[in-house]
Number of protein chains: 2
Amino acid sequence: MARKSYPGDMTTPPTATDWLRLDQQICFSLNAASRAFGSVYRVILKDLGITYPQYLVLLVLWEHGDLPVKKLGEHLRLDSGTLSPLLKRLETAGLVRRERSARDERSVEVRLTEQGVALRERAVQVPRRIVSATSFDVDEIRDLRARLDQLTSALDAAVHVELPDED
Amino acid sequence: MARKSYPGDMTTPPTATDWLRLDQQICFSLNAASRAFGSVYRVILKDLGITYPQYLVLLVLWEHGDLPVKKLGEHLRLDSGTLSPLLKRLETAGLVRRERSARDERSVEVRLTEQGVALRERAVQVPRRIVSATSFDVDEIRDLRARLDQLTSALDAAVHVELPDED
DNA sequence: GGCCATTTAGTTGTACACAACTGAATTGTG
DNA sequence: CACAATTCAGTTGTGTACAACTAAATGGCC
């Protein structure tokens, strides 16, 4: 109960160096985990001929059906600067088509091709392999996910408030 | 206690769709958290004129002193393909120098310049602002970090074993 | 001592991520 | 109806990541 949540040896107040070291560990851990995940997906998705961000796009389309670029971006938190070239590559690969909406000429509908729909059959094995690579069970993953989502919300809020004040 | 850790409604075994949805949530959450973190760092580091990966490099140098590119890469899990251009930009910014080692001409020592050392004084405020942006307390962050490191280890192991077997 | 495998940075090519911008279509308002 | 503000996709430019490759230096082995 006397625990003070200090970084370091817990008996002295944290120094600037302690804070920098702790900070390094936090941001580094998240960054490293994200890249390690990317490596595993890269290996597993190589068979399917798609990258990890492309897989995320397909997951959304498989679940929600055809969507305009805007909606796709909302699901994935990505803007057109990232999505436009990515979708162009998926189109070149024959997995999606892009068609200007007749209703609203500004909007572009992203539609799965037959090939794109068919790829789902081969993708169903991916989640199991990913989960087994984590060595976590489903509950642990669910819990981790909840914390990460909570973290993301807080960080988004902090960015939108411009800057958290420094003191 | 009858809880089976199934995705979805918990009363039926998981379908392929359930797995794909859960998978989407896991990988998406991690990806989103990582990018949200990046956005916060981007805003906070703008004053210092450096990016988030550049900040990570400086954190290592501030803690460990001058290092050859190889060692730096081991600390950061980054290879020369990423570090070489990044270090070139830090050099252009006047924060580090690169010098061929006299002992081993293959090796390049990365040294902080006076400016690079001085920047640390302005960086000490960064961790507090990051932590406050997360809305997590230090213990929660420590716990999250531990889980992420565990995850990273497992994922690294899985990649190195080539592929986790699929069934 | 000579030669080959290994180590180390760097380069090249591909693919995100994102800020800032462009241009076309649409909407709101007078 | 006219026209300014907004919405939407795309483009441009910068900065990672990372695989695959190159070239120079080193070390081990005969």
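Within every chain, numbering begins at 1; the chains are lettered A, B, ... in the order of the sequence lines, protein sequences first and strands thereafter. The figures here come from the full heavy-atom set of this structure, side chains too, leaving out hydrogens, waters and symmetry mates. Here the structure is a predicted model, which means the values were calculated and not measured.
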Peer 1: Compare the minimum distances between each of dA9(D), dA25(D), dC18(D) and the side chain of R106(B), then state the nucleotide with the smallest one.
Peer 2: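 Of the options given, the side chain of R106(B) lies nearest dA25(D).
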
Peer 1: Looking at every heavy atom in both L155(A) and A33(B), which two are closest together, and how far apart are they?
Peer 2: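 What the structure gives for the nearest pair is CD1-O, 4.3 Å.
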
Peer 1: Starting at the 5' end of DNA chain D and moving along, which residue's nearest nucleotide shows up first, P85(B) or E109(A)?
Peer 2: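 It is E109(A), whose closest nucleotide lies nearer the 5' terminus.
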
Peer 1: Of all the nucleotides listed (dA17(D), dG10(D), dA9(C)), which has the minimum atom distance to the side chain of S84(B)?
Peer 2: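 Looking only at side-chain atoms, S84(B) lies closest to dA9(C).
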
Peer 1: Do the non-hydrogen side-chain atoms of W62(B) and V117(B) ever get within less than 4.5 Å of each other?
Peer 2: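 No; the side chains remain at least 4.5 Å from each other.
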
Peer 1: So, is R89(A) close to the dC16(C) phosphate, meaning a side-chain N or O under 4.0 Å from OP1 or OP2?
Peer 2: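 For dC16(C), OP1/OP2 do have a side-chain N/O of R89(A) under 4.0 Å.
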
Peer 1: Checking side chain to side chain contact (heavy atoms under 4.5 Å, CB included) against V110(A), which of L90(A), D66(A), L61(A), V60(A) comes through?
Peer 2: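 With V110(A) as partner, L90(A), D66(A), L61(A), V60(A) yield a single side chain to side chain contact (heavy atoms under 4.5 Å, CB included), made by L61(A).
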
Peer 1: Using heavy-atom distances to pick each residue's nearest nucleotide on DNA chain D, tell me which of T51(B) and E74(A) is more 5'.
Peer 2: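 Nearer the 5' end of the strand: E74(A).
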
Peer 1: Look at R77(B) and dA17(D) and indicate whether a side-chain polar atom (N or O) is within less than 4.0 Å of OP1 or OP2.
Peer 2: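 Checking dA17(D) against R77(B), no side-chain N or O comes under 4.0 Å of OP1 or OP2.
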
Peer 1: Need one value for S107(A): base, sugar-phosphate or nothing, where a base atom within 4.0 Å counts as base even if backbone is also close, heavy atoms only.
Peer 2: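 Counting heavy atoms under 4.0 Å across all strands, the contact made by S107(A) is with sugar-phosphate only.
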
Peer 1: Roughly how many Å is it from OH in Y55(A) to C1' in dA15(C), rounded to a whole number?
Peer 2: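 Going from Y55(A) (OH) to dA15(C) (C1'), I get 19 Å.
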
Peer 1: Starting at CZ of R100(A) and ending at P of dT7(D), how long is that distance when rounded to a whole Å?
Peer 2: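 To the nearest whole Å, that distance equals 17 Å.
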
Peer 1: Let me know the distance between OH of Y41(B) and C1' of dA17(C), rounded to the nearest Å.
Peer 2: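 The distance from OH of Y41(B) to C1' of dA17(C) comes to 18 Å, rounded to the nearest Å.
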
Peer 1: Using only atom types and a distance under 3.5 Å, with no angle test, would you say the side chain of E140(A) pairs donor to acceptor with the backbone of D137(A)?
Peer 2: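 Yes.
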
Peer 1: Send over the distance from K70(A) NZ to dT6(D) P, rounded to a whole Å.
Peer 2: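 Atom NZ in K70(A) sits about 14 Å away from atom P in dT6(D).
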
Peer 1: Regarding L86(A), tell me which of base, sugar-phosphate or nothing describes its non-hydrogen contacts under 4.0 Å with the strands shown.
Peer 2: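 Sugar-phosphate contact only - L86(A) comes under 4.0 Å of backbone atoms but never of a base.
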
Peer 1: Looking at every strand, decide which applies to K88(B) at a 4.0 Å heavy-atom threshold: base, sugar-phosphate, or nothing.
Peer 2: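 Result for K88(B) = sugar-phosphate.
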
Peer 1: Expressed in angstrom and rounded to an integer, what is the separation of R103(B) atom CZ from dG27(D) atom P?
Peer 2: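 For the pair R103(B) CZ and dG27(D) P, the rounded distance is 11 Å.
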
Peer 1: Hey, which of these two, A102(A) or Y52(A), hits DNA chain C nearer its 5' end, going by closest nucleotide?
Peer 2: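 In this pair, the answer is Y52(A).
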
Peer 1: Choosing from dA17(D), dA17(C), dG10(C), which nucleotide comes nearest the side chain of R35(B)?
Peer 2: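 For the R35(B) side chain, the nearest candidate turns out to be dA17(C).
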
Peer 1: Side chain of D104(A): nearest nucleotide among dT26(C), dG10(C), dC18(D)?
Peer 2: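 Minimum distance to the D104(A) side chain belongs to dT26(C).
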
